[in-house]
J.: 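Input: one structure, supplied below.
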There are 2 protein chains.
Amino acid sequence: MSNHGEPRKRPETDLRLSRASVGRLSLYLRRLEELHAEGVGKVSSGLVGEALGVTDTQVRKDLASLGRLGHPGIGYDVSDLIAAIRSTLGIDREWSAALVGVGNLGRALLRYQGLAARNFRIVALFDTDPAKVGQVAEGLVVHPTSQLGEVLPPVGANLGILTVPASAAQNVADELIAAGVKGLLNFAPSVVRAPAGVSVVNVDLTMQLEQLAFLVHMAASERLD
Amino acid sequence: MSNHGEPRKRPETDLRLSRASVGRLSLYLRRLEELHAEGVGKVSSGLVGEALGVTDTQVRKDLASLGRLGHPGIGYDVSDLIAAIRSTLGIDREWSAALVGVGNLGRALLRYQGLAARNFRIVALFDTDPAKVGQVAEGLVVHPTSQLGEVLPPVGANLGILTVPASAAQNVADELIAAGVKGLLNFAPSVVRAPAGVSVVNVDLTMQLEQLAFLVHMAASERLD
DNA sequence: GGATGTGAACGACTTCACAGCG
DNA sequence: CGCTGTGAAGTCGTTCACATCC
């Protein structure tokens, strides 16, 4: 689903957090924010994991990587946990992104409130279609992708969002990287690769549809017991 | 990212394919279709995995679960592999889906060509917004979500796609399940749970953004060596 | 020689069991 | 007593090494 580009040589032993646990930390964070909004001040590991289908032990193991935040017999302080997870994930600051490919999906992302709620801002738009260039969407002018190298650096986005056809994805990714972007969110149905120092998350809707088809397919054949 | 709903009791020992390998099979399939289009007839495990960042050994292990399709010294027949993967994933037939939530993302999915290309058809639309009910999008009328129970069963969709707010996701999921749907693709930022026999894939864009933020955040601090 | 298939070693992640603290 | 933190055990997935076959 996501990778770091090149296969890494070093086993990365210093990295405390496993890939899987980072995903769960996101889930915990959301759950904790819900609980916080409900006025809950202290939580147990069981309460956090319950609605998420995660065991209490697993929650404690994950939270242990943030430091010693729990109080035996009491639980965890919700606000402390929220702050610690935000800081660990690196979302206690603002991220700015360039979006390339102002099609249906690109526009949907532009209008998606969830991005702003998490301090992700889209600060530049690009498209190759001459009919789209010059248009304004959500207060941003669409620039031609060919001018990415000149337009983007002064804006200084640290992320790139790819909502382009698969055939264009790697080329656009390379241009974004050349323009200084440090992370890529790729929605094209292709595996985008990047050099060390640039992170990539491939979303790949097609793959997830096929995962679902497989699960349903399997469940159906299991029913024939 | 995706789960089967309730935590399962039985370790499901009969299931040959691991979750991770199913995802890779999707990637192989896409790569093989590219190669097929280029007129390639035989491939080696190395060639399939190369552009995907997967080792040859891993490819062979994954393909082994499809049966004995390889020929030592020669490789695999591209067409055979494509057919075998399609059949294993359960995408050698048509899947029909109801889409609930005709907002920006819902509309983007409706127009997404990749669905049709993979034999996934959206056959019914629902929304709670009275302003949207009755509208026609891509040839389909938007029905009120409240009438899901009456409208959907005669149409007979086997999947449900949720592009609704997180607060509504579980309720809508329950209604879809009651209407006979066997699989759910959930785009809402929440974990949707389903009883045994119904499969769920949670896409969760927020989580993937946070994954990316974390990776970039980590890469930045590693640079201080 | 060139490539597959696969047991065995290895490593990563999860669950268990329980010590320890409030 | 309730709940955390964590070594140990167990499970799952990946990589290695090599026997095997065209």
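Order of the sequence lines fixes the chain letters, A, B, ..., with proteins taken first and strands second; residue numbering starts at 1 for each chain.
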J.: Once you round it to whole Å, what is the distance between P of C:dT4 and OH of B:Y28?
T.: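 The distance from OH of B:Y28 to P of C:dT4 comes to 12 Å, rounded to the nearest Å.
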J.: If I take atom CG in residue A:L63 and atom P in nucleotide C:dT14, what distance separates them, rounded to the nearest angstrom?
T.: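 The answer, rounded to whole Å, is 13 Å.
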J.: Given atom CG of B:L66 and atom C1' of C:dT4, what is their separation to the nearest angstrom?
T.: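 My rounded result for the distance is 14 Å.
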J.: At what distance, to the nearest 0.5 angstrom, does CD1 of A:I161 lie from CG of A:L184?
T.: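 A:I161 CD1 to A:L184 CG: 10.0 Å, rounded to 0.5 Å.
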J.: Assign B:S21 to base, sugar-phosphate, or nothing according to its heavy-atom contacts below 4.0 angstrom with the strands shown.
T.: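 Since no nucleic acid heavy atom lies under 4.0 Å of B:S21, the category is nothing.
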J.: So how far is it from A:L27 CG to B:D204 CG, rounded to the nearest 0.5 Å?
T.: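 With rounding to 0.5 Å, CG (A:L27) is 6.0 Å from CG (B:D204).
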J.: If you look at every strand shown and take non-hydrogen atoms under 4.0 Å, does A:G70 touch a base, only sugar-phosphate, or nothing?
T.: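 Since only primed, P, OP1 and OP2 atoms lie under 4.0 Å of A:G70, the category is sugar-phosphate.
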J.: What is the distance from NE2 of B:H71 to C1' of C:dG1, rounded to the nearest Å?
T.: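 Distance, rounded to whole Å: 18 Å.
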J.: Check this for me: does the side-chain of B:K61 come within 3.5 Å of the base of C:dT6 through a donor and an acceptor?
T.: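 Between C:dT6 and B:K61, which were checked side chain against base, a qualifying N/O pair under 3.5 Å is absent.
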J.: Which is more 5' along DNA chain C, the nucleotide nearest A:R60 or the one nearest B:R60? Just name the residue.
T.: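 The residue mapped nearer the 5' terminus is B:R60.
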J.: Do A:R121 and A:S96 pair up side chain to side chain, a donor and an acceptor below 3.5 Å, judged on atom types alone?
T.: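 Side chains of A:R121 and A:S96: no pair found under 3.5 Å.
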J.: Drop me the distance from A:H217's NE2 to B:D92's CG, to the nearest 0.5 angstrom.
T.: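 Going from NE2 on A:H217 over to CG on B:D92, the span is 6.5 Å.
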J.: Take the protein atom CG of B:L47 and the nucleotide atom P of C:dA3, then report the distance between them rounded to whole Å.
T.: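 Interatomic distance, CG of B:L47 to P of C:dA3: 10 Å.
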J.: Below the 4.0 Å mark, does D:dT15 have OP1 or OP2 next to a side-chain nitrogen or oxygen of B:Q58?
T.: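 For B:Q58, the contact criterion (side-chain N or O under 4.0 Å from OP1 or OP2 of D:dT15) is met.
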J.: A:R68 side chain N/O closer than 4.0 Å to the phosphate oxygens (OP1, OP2) of D:dC3?
T.: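 Looking at the OP1 and OP2 atoms of D:dC3, neither is under 4.0 Å from any side-chain N or O of A:R68.
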J.: Without decimals, in angstroms, what is the distance between B:L52 CG and D:dT14 C1'?
T.: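 Going from CG in B:L52 over to C1' in D:dT14 covers 16 Å.
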J.: For B:L69 and A:I74, find the nucleotide of DNA chain C closest to each by heavy atoms; which residue's nucleotide sits nearer the 5' end?
T.: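 Its nucleotide being nearer the 5' end, the pick is B:L69.
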J.: Expressed as a whole number of angstroms, how long is the span from B:D62:CG to D:dT14:P?
T.: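 The answer, rounded to whole Å, is 7 Å.
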J.: Give a yes/no on whether any side-chain N or O of A:Y76 is located under 4.0 angstrom from OP1 or OP2 of D:dG2.
T.: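 So the side chain of A:Y76 is outside the cut-off, no N or O lying under 4.0 Å from OP1 or OP2 of D:dG2.
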J.: Any side-chain N or O of B:T57 below 4.0 angstrom from OP1/OP2 of D:dT15?
T.: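 Answer no for this pair, as no side-chain N or O of B:T57 is under 4.0 Å from OP1 or OP2.
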J.: Just how far is it from atom OG of A:S199 to atom CE of B:M218, taken to the nearest 0.5 Å?
T.: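 Result: 10.0 Å between the selected atoms.
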J.: Checking contacts here: which listed nucleotide (D:dT14, C:dA3, D:dC3) is nearest the side-chain heavy atoms of B:A20?
T.: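 Closest nucleotide to the B:A20 side chain: D:dT14.
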J.: Within the structure, does a side-chain N or O atom of B:S44 lie under 4.0 Å from either OP1 or OP2 of C:dA3?
T.: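 Negative; the distance criterion is not met.
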J.: Rounded to whole Å, how long is the line connecting atom CG of B:D77 with atom P of C:dA3?
T.: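 So the CG-P distance, B:D77 to C:dA3, works out to 16 Å.
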